[in-house]
Amino acid sequence: MSSRGKIQVTTRVRLDDADDLAEHYTPGVAELAKRVADDPSVLARETVRSNSVAIVSDGSALLGLGDQGPAAALPVMEGKAALLKRFADIDAWPICPVSREPEDLVRTAKDLATSFGAINLEDIAAPRCFTVERQLHDELDIPVFHDDQHGTAVAVLAALDNALKLTDRTPGETSVVISGAGAAGSAIARLLLKADFRAERIVVCDSKGVLHGERDLTGEKQWLAENTNRGDAVRGSLQDALRDADVFIGVSVGGLLKGDDLARMADRAIVFALANPDPEVDPDAAHEHAEIVATGRSDLPNQINNVLVFPGMFRGLLDSGAPRVTARMLLAASHALAAAVGDDLDLEHLVPSVFDEGLVPAIAEGVGGAAEND
């Protein structure tokens, strides 16, 4: 049976008779076209552009499925569009190009930018995603948000801020180990540095172990080696890095650790095992050694998921007319998300539910305020 997808186009004007048709199609629409040609700012005020987001994916890093291609990406991006509509009343549309070349993805997004108020990059594999996002950031006059990077980092920082409150820690004294040096892990490390976590107390690991200055690395991993684990104090495996660590953040692969691997962490440890569908460590085993455990799963307490972030983020970006995403906006979104849990904050409620009606407006307000100060 055909479902015909999760989203559709609906009209916002009446089209019941010939007069309506004459006003909104031809000849009436010619007047608006002339005004747009004379003053491009009219486009944002009087067309769908001001409330539209293009969700661009090549399907090369699709959820927990890996490289499944653009056709398989379409239903996933439809779901993302449906969430933007449900939670932020934003009109979004999936764009799933066939080409994998960064220059082609950049060209596609740039060619479509006239029709959209923002670009959401989604499920594009590293390191291409870094190239595409940064080039579009520099060359477009509309915001480009890579949810796998920015959304994950904002959600993690919000949950971590609240976890630190519950365990009586401050960012500057907290040691963090990140498993995963791809889009999510890199963005988390970068945002933690902006949020007053100290470079010498952040360690990032890839599949071969700790990133440090003596490894032969390039691109984003080289940047991480140069800007975290300062002094190369930590070497060896992920398990080695966990010794006396306060926080573990996993954005890598499931089943990477055993519960006993967490026994070497500091007292009152914080464990965010966010790989989907299977976390890096079994949550029940993690609870034997950690005070706070969070996952990316909706069937367990403390779900840390990008859906908490991107509806409010895009609402704030579109409403403010911001031309780009900045670190100030990401920090503001994170602070708003952390605060939104309110009096419900406890060991199993680090962040609010996505169904909290105040969440999207709070994040949008924070992003808009940051946009004014950028």
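Note that the structure is a prediction, hence the values are computed from the model and not measured. Values below: every heavy atom of this structure, side chains too, minus hydrogens, waters and symmetry copies. Residue numbers start at 1 and run along the sequence shown.
Summarising the geometry, atom CG belonging to L157 is positioned 6.5 Å from atom CZ belonging to F197; distances are rounded to the nearest 0.5 Å. Note that CE of M329 and CG of L317 are 6.0 Å apart. Values are rounded to the nearest 0.5 Å. The CZ atom of R324 sits 8.5 Å away from atom CG of D141, with the distance rounded to the nearest 0.5 Å. Note that CD1 of I292 is 8.5 Å distant from CG of L164, once rounded to the nearest 0.5 Å. The line from CG of D244 to CZ of R264 is 10.0 Å long, rounded to the nearest 0.5 Å. Here D267 contributes atom CG and T167 contributes atom OG1; the two are 11.5 Å apart, rounded to the nearest 0.5 Å.
Taking hydrophobic clusters as Ile, Leu, Val, Met, Phe, Trp and Tyr residues chained together by side-chain heavy-atom distances below 4.5 Å, L62 does not share a cluster with L74. No chain of hydrophobic side-chain contacts below 4.5 Å, direct or via other Ile, Leu, Val, Met, Phe, Trp or Tyr residues, connects F248 to I178. Transitive grouping of hydrophobic side chains (ILVMFWY, heavy atoms separated by less than 4.5 Å) brings V307 and I188 into a common cluster. Both L347 and I249 are part of a single hydrophobic cluster, where members link through side-chain heavy atoms under 4.5 Å apart. Hydrophobic clustering, with ILVMFWY side chains joined whenever heavy atoms are under 4.5 angstrom apart, keeps V271 apart from L274.
Not a single donor-acceptor pair under 3.5 Å links the side chain of D147 to the backbone N or O of E122. At distances below 3.5 Å, not a single donor-acceptor pair connects side-chain atoms of D374 with backbone N or O atoms of V325. Judged by distance alone, the side chain of N120 and the main-chain N or O of A54 form no donor-acceptor pair under 3.5 Å. At least one donor-acceptor pair closer than 3.5 Å links the side chain of S334 to the backbone N or O of A158. Looking at E78, its side chain does come within 3.5 Å of a backbone N or O of K6 through a donor-acceptor pair. With hydrogens and angles disregarded, no donor-acceptor distance shorter than 3.5 Å links the side chain of D58 to the backbone of P97. In terms of modelled atom types and a separation under 3.5 Å, the side chain of E280 and the main chain of S252 share a donor-acceptor contact. In this structure, the side chain of N302 engages the main chain of L350 through a donor-acceptor pair within 3.5 Å. Although no hydrogens or angles enter the test, the distance criterion places no donor-acceptor pair under 3.5 Å between the side chain of E291 and the main chain of I270. Counting only distance, with no hydrogens or angles, the side chain of N229 and the backbone of V234 share a donor-acceptor pair below 3.5 Å.
H287 and D284 share no donor-acceptor pair across their side chains, judged by distance under 3.5 Å alone. For the residue pair T152 / N306, a side-chain donor-acceptor distance below 3.5 Å is found, with atom types taken as modelled. Donor-acceptor pairing under 3.5 Å is recorded for the side chains of S237 and D240. A donor-acceptor contact under 3.5 angstrom links the side chains of R128 and S60, judged on distance only. Judged purely by distance below 3.5 Å, without hydrogens or angles, the side chains of T47 and R49 never pair a donor atom with an acceptor atom.
Remark: D16 CG is packed, more than 12 non-hydrogen atoms of other residues, nucleotides or ligands lying under 6.0 Å away. Q239 CD: more than 12 foreign heavy atoms inside a 6.0 Å radius. Counted within 6.0 Å of CG on D216, heavy atoms from surrounding residues, nucleotides or ligands total 12 or fewer; the atom is thus considered open.
Of all the heavy atoms in I90 and P311, the pair that sits closest is CD1-O, 4.1 Å. Residues A225 and G213 come closest through the heavy atom pair CB-N, 4.3 Å. Counting all heavy atoms, side chain and backbone alike, A362 lies closest to A336 at O-CB, 3.6 Å. The nearest pair of heavy atoms linking L308 to S353 is CD2-C, 4.1 Å. Of all the heavy atoms in R169 and A266, the pair that sits closest is NH2-CB, 4.4 Å. Across all non-hydrogen atoms, the minimal contact from S57 to G59 is OG-N, 3.0 Å.
Within the 4.5 Å cutoff, side-chain heavy atoms of M313 are placed close to those of L330. Two residues are said to be in side-chain contact when any heavy atoms from C-beta on lie closer than 4.5 Å; V341 and N162 meet this criterion. At least one side-chain heavy atom of L84 sits under 4.5 Å from a side-chain heavy atom of I55. In this structure the side chain of N51 never reaches within 4.5 angstrom of the side chain of R12, judged on heavy atoms. Between C96 and M77 the shortest side-chain heavy-atom distance falls below 4.5 Å. Side-chain contact between R297 and N276 is present, with at least one heavy-atom pair separated by less than 4.5 Å. For the pair Q149/R190, no side-chain contact is recorded, criterion being any heavy-atom separation below 4.5 Å from C-beta on. With a 4.5 Å cut-off on side-chain heavy atoms, E103 and R107 do not count as touching.
Side-chain heavy-atom separations under 4.5 angstrom define the hydrophobic clusters, and the remaining members of the one that includes V106 are I7, V9, V56, W93, I95, L105, L112, F116, I119, L121, I124, V132, L136, L140, I142, V144.
Salt-bridge check for K258 with D260: failed, with every basic side-chain N at 4.0 Å or more from each acidic carboxylate O. Salt bridge absent: R14 and E23 never bring a charged side-chain N and a carboxylate O closer than 4.0 Å. Looking at K80 and D123, no side-chain N of the basic residue comes within less than 4.0 Å of a carboxylate O on the acidic one, giving no salt bridge. The pair E200-R230 does not count as a salt bridge, with every side-chain nitrogen at least 4.0 angstrom from each carboxylate oxygen. The existence of a salt bridge linking D319 and R315 is confirmed by a sub-4.0 Å separation between a basic side-chain nitrogen and an acidic carboxylate oxygen. Taking the charged nitrogens against the carboxylate oxygens, K85 and D91 do have a contact shorter than 4.0 Å, which makes a salt bridge. Classification of R35 and D39 as a salt-bridged pair fails, no side-chain N sitting under 4.0 Å from a carboxylate O.
Outside the 6.0 Å centre-distance limit, the rings of F310 and F145 are not counted as a close aromatic pair.
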